[in-house]
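A quick write-up on the structure given underneath.
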Amino acid sequence: MDIWFHIARALDEKLRQIAATLPDFGAAFSPAVKPSDPRHADFQANGVLGWAKSRKQNPRALADALADALRPQLDENLVTLEVAGPGFLNFKLTPQFLLRWLEAYRTQADFAQAAGALFKGRKIVIDFPSPNTAKQMHVGHLRPMVIGEAIQRLLQFCGADMVRDNHIGDWGTNYGILILGIKRAGFDLDKAGPDAIEDLERLYKEGSALTKADPATADAARQELVRLQQGDAENTALWEKINALSMKACEEIYKKLGITIDVTLGESFYRDKVERVYRELQDVGLAEEDKGALIVWHDDHPRFARTAEPSQPFIIRKADGASNYGSTDLATVLYRREHFNADEIVYVTDGRQQDHFQQLFLTAQKWFAKKGYALPCLRHVWFGTILGEDGKAIKTKSGDPVKLKALLQEAVDRAEKIVAEKNPDLSAEERAKIAESVGVGAVRYADLSQNRTGDYVFSWDKLLAFEGNTAPYLLYAGARIHSILRKAGLDADDATCETGASAFETAEEIALARKLIAFPSMLDATVEDLRPHLLCTYLYELAGQFSSFYNANKVLTENAGERARRLVLCRRTLTVLEAGMRLLGLEPLERM
RNA sequence: GGGGGCGUAGCUCAGUGGAUAGAGCAGCGGUUUUCUAAACCGUUGGUCGCGGGUUCGAGUCCCGCCGCCCCCGCCA
């Protein structure tokens, strides 16, 4: 019998094959194998119940028949099968199976190779973090960065060929407002100091307030944008300087958060590519002029049809002739298809843009179909909003949101204090490194560990928590394993210490081993809907199982077989824990 | 009005139609001459917003309400 990497999938496949040969089942039967509550089994198949019901047969009898047919193919020294309750098939893995699995899949490379079959060779362009430039990053910018980075790492781990494209907002209305503000204030960008980004932000904020209060100013700002988009020399020069300043500020944050970016092709990159969009969409009869704007209706859609009330057209060119994000996003889909040969495009943005992306995807779909272009799979991976104390989205207009730079610095400072207290013997250099990993990791993990579709209220305590389901808890478990290996004088890469392992015996050993073999099923679930918090939950539970094991079972004992098998558990926990943490963007530590 | 999200322990949140709904924090009580106590163990705490329905089985699916947040023509 093989030691399958993906146990649930293998059992599911076996049950399907057997069922196809049985008179009461057939090829249409779906076993529905999934990880089980460990109180009952390791994996369970529930498919028999629904199948029996729809055929008005006794589920228990059918389950027995299926189990009896499969059992001869299973080595009972490795996996046992029982029928329980109304007709659950319960698979229990023996301690021997657990050990053999952990011996078969040792290194991060083994795991990556096994997982890499999922998206083998698939070209995926991921659009993140894509901020609007010319503003300093605040806590509201945290989510697209940390969620996007985790997702791109997950997809790559699963074998995808990634292009990380930072689609910055460098061509929109915000530039009109900012350019107007700079001109009116007589602000000289060449003489700007190191905090120039703060000045720009102030000018933008003032300008933004003015445009809301005064229609004439709003119009003036739009005119500045039109002039920029038409290539006006003065505005272009200003635009370039603003960009340079804001890119510099962003890159500092990207570096701190370990954000991977391959190309930065912002909206401005598509300024000479939107004409083709206007032309082709009109040629194929998708776009039409309405009140001076160019718009697309989707009459086959209940909300985006021209007859819908209220109407919600997809605007791809504004009445003043300027492009908007409809135009640039369409041009971007085409470019990603033609230039990057994308099989799939993943957009990581705020959930408030769901309508926009639905309209974008519908439009691209019809446009590509009419022109005979191959349509990439388009996915919108959206996330909830970080809210201010007032329960409203954090925005510049609602006061001064906490700057991301300051938040991260505060996190690192707090972590450093704790490191100094817990481990005073460390060098200043190592203390700083640990504080960086713990502090930044805590902020990032606090965001990632929540279901991405929910909103949450910003709070220092939440983002700077160091206890419970947090990054430091995971980092600490890893550091302890390194500590054991150090104590035993073992090289982390040398597996010879695992030789001669005896079968797992204690409840803690078995619980930890079971958690480890659940990694592939967890990865499936995480990648299916791209929900990093499932990985967080898993790692937290894994670290918890390890901590219980560590406290109850001494690893470095005199009994050679016991010591070897516990080292297998330690080393495999380290492999999975560190691989998982890196997928989330956390930097594992050897001591803390 | 239409669409989306959220509502689970005092607080913050997990929960793939499956067996007795779980964590953390807070509270209470323990564990260290032994591989890092940033830890571990025990314990208190529940009308899963309300009402129907589907199902062998519903926190989970469907319908109707209630509450909060977000989006709905020239912002992105």
Side-chain angles (χ1 to χ4, degrees), chain A residues 32 34-37 39-40 44 46 49-50 52-53 59 84-88 130-132 169 171-174 176-177 208 222 267 290-295 302-304 308-320 322 324-326 328-329 349-356 358 382 384-385 387 391-393 415 418-419 421-423 438 446 449-451 453-457 459 461-462 465-470 472-473 475-477 479-488 521 524-525 528 533-534 536-537 540-541 544 547-548 550-552 554-557 566 570 591-592:
Chain A
K34 58 173 108 177
S36 161
D37 184 325
R39 282 173 296 195
H40 304 115
Q44 63 174 289
N46 301 333
L49 285 104
K53 173 68 184 169
F88 300 121
S130 312
N132 286 336
W171 205 237
T173 310
N174 50 337
I177 293 170
S208 178
R222 266 196 294 276
E267 288 166 355
D290 187 288
K291 296 172 192 161
L294 193 61
I295 63 173
R303 282 160 42 230
F304 306 140
E309 190 55 47
S311 67
Q312 202 175 336
F314 189 48
I315 297 170
I316 62 170
R317 191 180 61 208
K318 300 193 281 182
D320 61 12
N324 68 351
Y325 78 146
T328 50
D329 278 2
T349 83
D350 192 291
R352 288 174 291 185
Q353 299 183 41
Q354 285 178 93
D355 280 356
H356 167 73
Q358 280 188 33
W382 58 273
T385 314
L387 308 172
K392 308 258 182 190
I418 296 174
V419 179
E421 180 191 317
K422 302 277 183 188
N423 215 337
V438 169
S449 60
Q450 278 199 187
N451 186 345
T453 56
D455 296 344
Y456 67 87
V457 177
S459 92
D461 288 346
K462 184 180 192 105
F466 290 173
E467 288 178 326
N469 184 7
T470 63
Y473 185 80
L475 290 164
Y476 183 63
R480 275 179 149 179
I481 299 173
H482 277 290
S483 176
I484 293 170
L485 298 178
R486 266 198 309 274
K487 198 87 172 182
S521 288
D524 268 5
E528 188 180 0
H533 82 283
L534 296 178
C536 294
T537 302
Y540 177 57
E541 287 167 0
S547 295
S548 300
Y550 173 94
N551 274 277
K554 186 164 169 66
V555 175
L556 301 175
T557 66
R566 289 181 180 171
C570 286
R591 65 181 94 220
M592 63 186 277

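In what follows, every chain begins at residue 1, and chains take the letters A, B, ... in the order their sequences are listed.
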Partner of A76(B) under the Watson-Crick or G-U wobble criteria, both distances under 3.5 Å, comes out as none
Distance in angstrom units between Arg303(A) CZ and G1(B) P, rounded
16 Å
Look at all strands and tell whether Ser449(A) reaches a base, only sugar-phosphate, or nothing, counting heavy atoms closer than 4.0 Å.
nothing
At less than 4.0 Å, is any side-chain N or O atom of His533(A) found next to OP1 or OP2 of G15(B)? Yes or no.
yes
Regarding Glu528(A), tell me which of base, sugar-phosphate or nothing describes its non-hydrogen contacts under 4.0 Å with the strands shown.
nothing
Nearest to the side chain of Pro86(A), which nucleotide is it out of G18(B), U36(B), A38(B)?
G18(B)
I'd like to check Thr173(A) versus Lys318(A) (side-chain heavy atoms, cut-off strictly below 4.5 Å). Are they in contact?
yes
Rounding to an integer number of angstrom, what distance separates A9(B) and C71(B) when you compare their P atoms?
28 Å
So if I take every side-chain heavy atom of Arg352(A) and compare against G73(B), C70(B), A76(B), which nucleotide ends up nearest?
C70(B)
Phosphate OP1/OP2 of A23(B) contacted by Tyr473(A) side-chain N/O (<4.0 Å):
no
So, is Arg39(A) close to the G22(B) phosphate, meaning a side-chain N or O under 4.0 Å from OP1 or OP2?
yes
If only side-chain N and O atoms of Thr453(A) are considered, is one of them under 4.0 Å from the OP1 or OP2 phosphate oxygen of G4(B)?
no
What's the CD-P distance between Gln312(A) and G4(B), to the nearest Å?
12 Å
Positive for side-chain contact (heavy atoms from CB on, under 4.5 Å) with Leu294(A), one of Ile315(A), Asn324(A), Ile316(A)
Ile316(A)
Do His40(A) and Phe88(A) have side chains that get closer than 4.5 Å, going by heavy atoms?
no
Just by distance, with hydrogens left out, do Asp461(A) and Ser459(A) show a side-chain donor and acceptor under 3.5 Å apart?
no
May I have the distance from Ile315(A) (atom CD1) to G73(B) (atom P), rounded to whole angstrom?
8 Å
For the side chain of Glu467(A), counting heavy atoms from C-beta on, which of G1(B), G73(B), C25(B) is nearest?
C25(B)
Determine the Euclidean distance between corresponding P atoms of G22(B) and G67(B); express it in Å to zero decimal places.
33 Å
Can you name the nearest heavy-atom pair linking Asp350(A) to Arg352(A), along with the distance?
OD1-N, 2.7 Å
Under 4.0 Å between any heavy atoms, over every strand shown, what does Ala525(A) touch: base, sugar-phosphate, or nothing? Just pick one.
nothing
Euclidean distance, atom CG of residue Asn46(A) to atom C1' of A58(B) [Å, nearest integer]:
14 Å
Within less than 4.0 Å of OP1 or OP2 of G24(B), is there a side-chain N or O belonging to Lys462(A)?
no
Check every atom of A76(B), C71(B), A38(B) against the side chain of Asn324(A) and return the nucleotide holding the closest atom.
A76(B)
Base, sugar-phosphate, or nothing: which does Pro59(A) touch, judged by heavy atoms less than 4.0 Å apart?
nothing
Between Asn132(A) and Gly468(A), name the one whose nearest nucleotide on RNA chain B is closer to the 5' end.
Gly468(A)
Between C1' on C13(B) and CD on Glu541(A), what's the gap in Å once rounded to a whole number?
13 Å
Identify the nucleotide, in any strand shown, that forms a Watson-Crick or G-U wobble pair with C61(B), with both distances under 3.5 Å; if there is none, say none.
G53(B)
Answer with base, sugar-phosphate or nothing: what part of the nucleic acid does Ala479(A) contact at a heavy-atom distance below 4.0 Å?
base
Quick note, Pro310(A) side chain, CB onward, closest among G18(B), C70(B), G1(B) is G1(B)
Does the side chain of Ser547(A) come within less than 4.5 Å of Tyr473(A)'s, by heavy atoms?
yes
Whole-Å P distance, A58(B) and G18(B)
11 Å
When the P atoms of U54(B) and U60(B) are compared, how many Å lie between them, rounded to an integer?
15 Å
Just to confirm, is there a sub-4.0 Å distance from OP1 or OP2 of A38(B) to any side-chain nitrogen or oxygen of Tyr476(A)?
yes
Among C74(B), C35(B), A38(B), the one nearest Val438(A) by side-chain distance:
A38(B)
Establish, with yes or no, whether the OP1 or OP2 oxygen of A37(B) is under 4.0 angstrom from a side-chain nitrogen or oxygen of Arg480(A).
yes
I'd like to check Asp329(A) versus His356(A) (side-chain heavy atoms, cut-off strictly below 4.5 Å). Are they in contact?
yes
Partner of G67(B) by Watson-Crick or G-U wobble geometry, both contacts under 3.5 Å, or none?
C6(B)
Check every atom of A39(B), A38(B), C41(B) against the side chain of Ser547(A) and return the nucleotide holding the closest atom.
A39(B)
Test your reading of the model: is there a side-chain donor-acceptor pair from Arg566(A) to the backbone of Lys554(A), 3.5 Å cut-off?
yes
By nearest atom, which of the nucleotides A76(B), U36(B), A14(B) is closest to the Asn451(A) side chain?
A14(B)
Euclidean distance for P, A38(B) against C70(B) (whole angstrom):
42 Å
Looking at C13(B), I'd like to know if its phosphate oxygens (OP1 or OP2) sit under 4.0 Å from a side-chain N or O belonging to Gln450(A).
yes
Any Pro86(A) side-chain heavy atom under 4.5 Å of Leu49(A) side chain
yes
Shortest side-chain distance from Phe88(A), nucleotide among G18(B), A38(B), A76(B):
G18(B)
Which of A23(B), C41(B), C13(B) is nearest the side chain of Tyr540(A)? It is A23(B)
Strictly below 4.0 Å: does Lys422(A) bring a side-chain N or O up to OP1 or OP2 of A38(B)?
yes
The Watson-Crick or G-U wobble partner of U12(B), with both key distances under 3.5 Å, is A23(B)
Whole-Å distance between A21(B) C1' and His40(A) NE2?
13 Å
Between U12(B) atom P and Asp455(A) atom CG, what is the distance in whole Å?
14 Å
Distance between P atoms of G3(B) and C65(B) (Å, rounded):
11 Å
Determine whether a donor-acceptor pair (one donor, one acceptor, N or O, separation below 3.5 Å) exists between the side chain of Thr537(A) and the base of G15(B).
no
On RNA chain B, more 5' by nearest nucleotide between Leu556(A) and Gly169(A) is Leu556(A)
I'd like to check Phe304(A) versus Asp355(A) (side-chain heavy atoms, cut-off strictly below 4.5 Å). Are they in contact?
yes
Distance check: side-chain N/O of Lys318(A) vs OP1/OP2 of C75(B), anything under 4.0 Å?
yes
Need the pair for A39(B). Rule: Watson-Crick or G-U wobble, both distances under 3.5 Å, any strand; none if unpaired.
U31(B)
P atoms of A23(B) and C41(B), separation to the nearest Å
10 Å
Roughly how many Å apart are U34(B) and G42(B), using the P atom of each and rounding to a whole number?
23 Å
Between C1' on C75(B) and CG on Asp350(A), what's the gap in Å once rounded to a whole number?
13 Å
